[in-house]
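Okay, so here's the structure we're looking at.
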Amino acid sequence: MSKSPKAVAADEIEECPRCGKPLPLCICDSVAPIDNRVELLILQHPQEQDRALGTARLTAQHFTKVTHKIGLSWPSLSKALGRTVDPQDWAILYLGSAKVADLATDKDLVAINRQGEIEDHQRQILKDLEGVVLLDGTWSQAKALWWRNAWMLRCRRIILGPKQPSLYGKLRKEPRRDGLSTIEAAGMVLSRLEGRPEIETELNATFQRMLAQYREVQSSMPELAPKPKKRDYRRPENRRGKGAKV
């Protein structure tokens with residue numbers, strides 16, 4: 001079946017080699033790298049290829065200590081990073097069924113154990129972290145990454161309880177109010193761990209520019225709008241129901 005002229009035009013729009021977005025949506029020139037102490041590892045599900053509204057590659061541009069990988073599984077954290085590290089010195093941001101609102105805490109970044117309970121010695125655990133793993137994808141895609149990489153259970157686990165919902169708004173619906181985009185999650189996590197609120201401010205400002213650019217371009221180039229994704233129920237992650245997004 002031949003493509004419609006609009007579809008062909010969308011496919012032929014040149015992409016930015018840095019952020020992967022169609023050039024009319026690129027805001028790379030406004031991104032300034034941040035010298036971060038806590039390293040980031042962004043693991044992106046291969047089906048999360050939303051060129052218009054995805055934020056993984058834009059997030060990676062913001063930091064000097066960051067690794068961005070696309071795939072479903074890696075043998076270990078060290079293999080994903082390309083060097084030897086101790087998983088206990090790293091945390092993975094994964095909500096699952098846990099909610100900060102259900103825990104007896106006034107903090108919005110919490111380390112939890114396998115039972116979903118608050119870990120003892122919160123301050124020490126968070127202070128000693130060398131890096132954080134972020135899962136980029138829909139809730140079900142994040143759940144698939146979690147189940148396919150058993151080594152993640154050897155890492156610390158952290159969850160977020162943002163006071164405000166994602167800036168995506170109606171552009172990209174989140175199943176839960178505490179679901180954030182990758183760029184929002186990265187800004188919130190690193191600003192708390194490093195005691196630098198300006199990190200969150202800067203990443204949110206970048207995200208707002210990205211969304212504003214999208215809304216401006218969408219009116220004249222609707223072909224760049226994300227296409228609805230068909231669910232393949234043969235895939236295990238889709239049979240298990242909704243997962244958790246960072």
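None of the values given here were measured: they were computed from a predicted structure.
Counting only distance, with no hydrogens or angles, the side chain of Gln141 and the backbone of Thr138 share a donor-acceptor pair below 3.5 Å. Here the side chain of Gln213 pairs a donor or acceptor atom with the backbone of Pro24 at under 3.5 angstrom. Side chain of Lys69 to backbone of Ala80: a donor-acceptor contact under 3.5 angstrom is found. Looking only at distances, no side-chain donor or acceptor of Arg156 sits under 3.5 Å from a matching main-chain atom of Asn113. Checked by atom type and distance alone, the side chain of Trp139 never pairs as donor or acceptor with a backbone atom of Gly96 at under 3.5 Å. Formation of a donor-acceptor pair under 3.5 Å by the Arg57 side chain with backbone atoms of Pro17 is found in this model.
Contact record, Arg37 with Glu194: N-OE2, 2.7 Å, taken as the closest heavy-atom pair. In plain terms, the two heavy atoms of Glu184 and Ser166 that are nearest each other are OE1-OG, 2.7 Å. Across all their heavy atoms, Ala56 and Gln44 have their closest contact at CB-OE1, 3.6 Å. Of all the heavy atoms in Ala104 and Ile118, the pair that sits closest is O-CD1, 3.9 Å. Here the shortest heavy-atom pairing between Cys26 and Cys16 reads SG-SG, 3.7 Å. Minimum interatomic distance between Val66 and Phe63 (heavy atoms only, all atoms of both residues): CG1-O, 3.4 Å.
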Given side-chain contact (heavy atoms from CB on, under 4.5 Å), test Met188 with Ile199 step by step and report yes or no.
CA-CA 8 Å; Met188 187 172 177; Ile199 294 179; over 6 Å; no
Take Asp89 and Asp128 through the test side-chain contact (heavy atoms from CB on, under 4.5 Å) and record every step on the way to the result.
CA-CA 7 Å; Asp89 295 331; Asp128 291 343; 5.9 Å; no
Show your working on side chain to side chain donor-acceptor pair (under 3.5 Å) between Asn204 and Gln208 and close with a plain yes or no.
CA-CA 6 Å; Asn204 282 347; Gln208 288 174 327; over 6 Å; no
Could you walk me through whether Ser73 and Asn149 pass the side chain to side chain donor-acceptor pair (under 3.5 Å) test, one step at a time?
CA-CA 6 Å; Ser73 63; Asn149 294 275; 5.0 Å; no
Does the pair Val110 and Leu126 meet the rule for a side-chain contact (heavy atoms from CB on, under 4.5 Å), with working shown?
CA-CA 8 Å; Val110 181; Leu126 298 178; over 6 Å; no
With side-chain contact (heavy atoms from CB on, under 4.5 Å) as the test, would you mind laying out the steps for Leu93 and Leu160 before giving the verdict?
CA-CA 8 Å; Leu93 176 60; Leu160 293 174; 3.8 Å; yes
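Atoms CZ and OH, on Phe207 and Tyr168 in that order, are 4.5 Å from each other to the nearest 0.5 Å. Note that the CG atom of Leu43 and the CG atom of Leu135 stand 6.0 Å from one another [nearest 0.5 Å]. Summarising the geometry, atom NE2 belonging to His68 is positioned 8.5 Å from atom OG1 belonging to Thr182; distances are rounded to the nearest 0.5 Å. To the nearest 0.5 Å, atom CH2 of residue Trp90 and atom CZ of residue Arg154 are 14.5 Å apart. One finds the OG atom of Ser191 at 8.5 Å from the CG atom of Leu109 (value rounded to the nearest 0.5 Å). For the atom pair Ile125 CD1 and Asp120 CG, the distance stands at 7.5 Å (nearest 0.5 Å).
Side-chain contact check for Arg18 versus Gln61: some heavy-atom pair is nearer than 4.5 Å. Annotation: side chain of Leu77 is in contact with side chain of Val133 (closest heavy-atom distance under 4.5 Å). Residues Glu202 and Val31 have side chains not in contact (no heavy-atom distance under 4.5 Å, counting atoms from C-beta outward). Residues Val132 and Leu193 meet the side-chain proximity criterion, which asks for heavy atoms closer than 4.5 Å. Put simply, the side chain of Ile112 does not reach to within 4.5 Å of the side chain of Ile158, judged on heavy atoms. By the 4.5 Å heavy-atom criterion applied to side chains, His62 and Leu203 are counted as neighbours. Contact check for Lys107 versus Gln122: no side-chain heavy atoms found under the 4.5 Å cut-off. Counting heavy atoms from C-beta on, the side chains of Leu134 and Tyr94 never come closer than 4.5 Å.
Using modelled atom types and a 3.5 Å distance limit, the side chains of Ser78 and Ser76 yield no donor-acceptor pair. No side-chain donor from either of Thr201 and Glu198 sits under 3.5 Å from a side-chain acceptor of the other.
By the 4.0 Å N-to-carboxylate-O rule, Arg83 lies close enough to Glu39 to be salt-bridged with it. By the 4.0 Å N-to-carboxylate-O rule, Asp178 lies too far from Lys99 to be salt-bridged with it.
Hydrophobic clustering, with ILVMFWY side chains joined whenever heavy atoms are under 4.5 angstrom apart, groups Leu153 together with Leu145. At a threshold of 4.5 Å between side-chain heavy atoms, the hydrophobic network of Ile, Leu, Val, Met, Phe, Trp and Tyr places Leu23 and Leu58 in two separate groups.
Geometrically, Arg157 engages Trp146 in a cation-pi contact, judged by NZ or CZ lying under 6.0 Å from the ring centre and within 45° of the ring axis.
Crowding of Lys170 atom NZ: a count of heavy atoms from other residues, nucleotides or ligands under 6.0 Å not exceeding 12.
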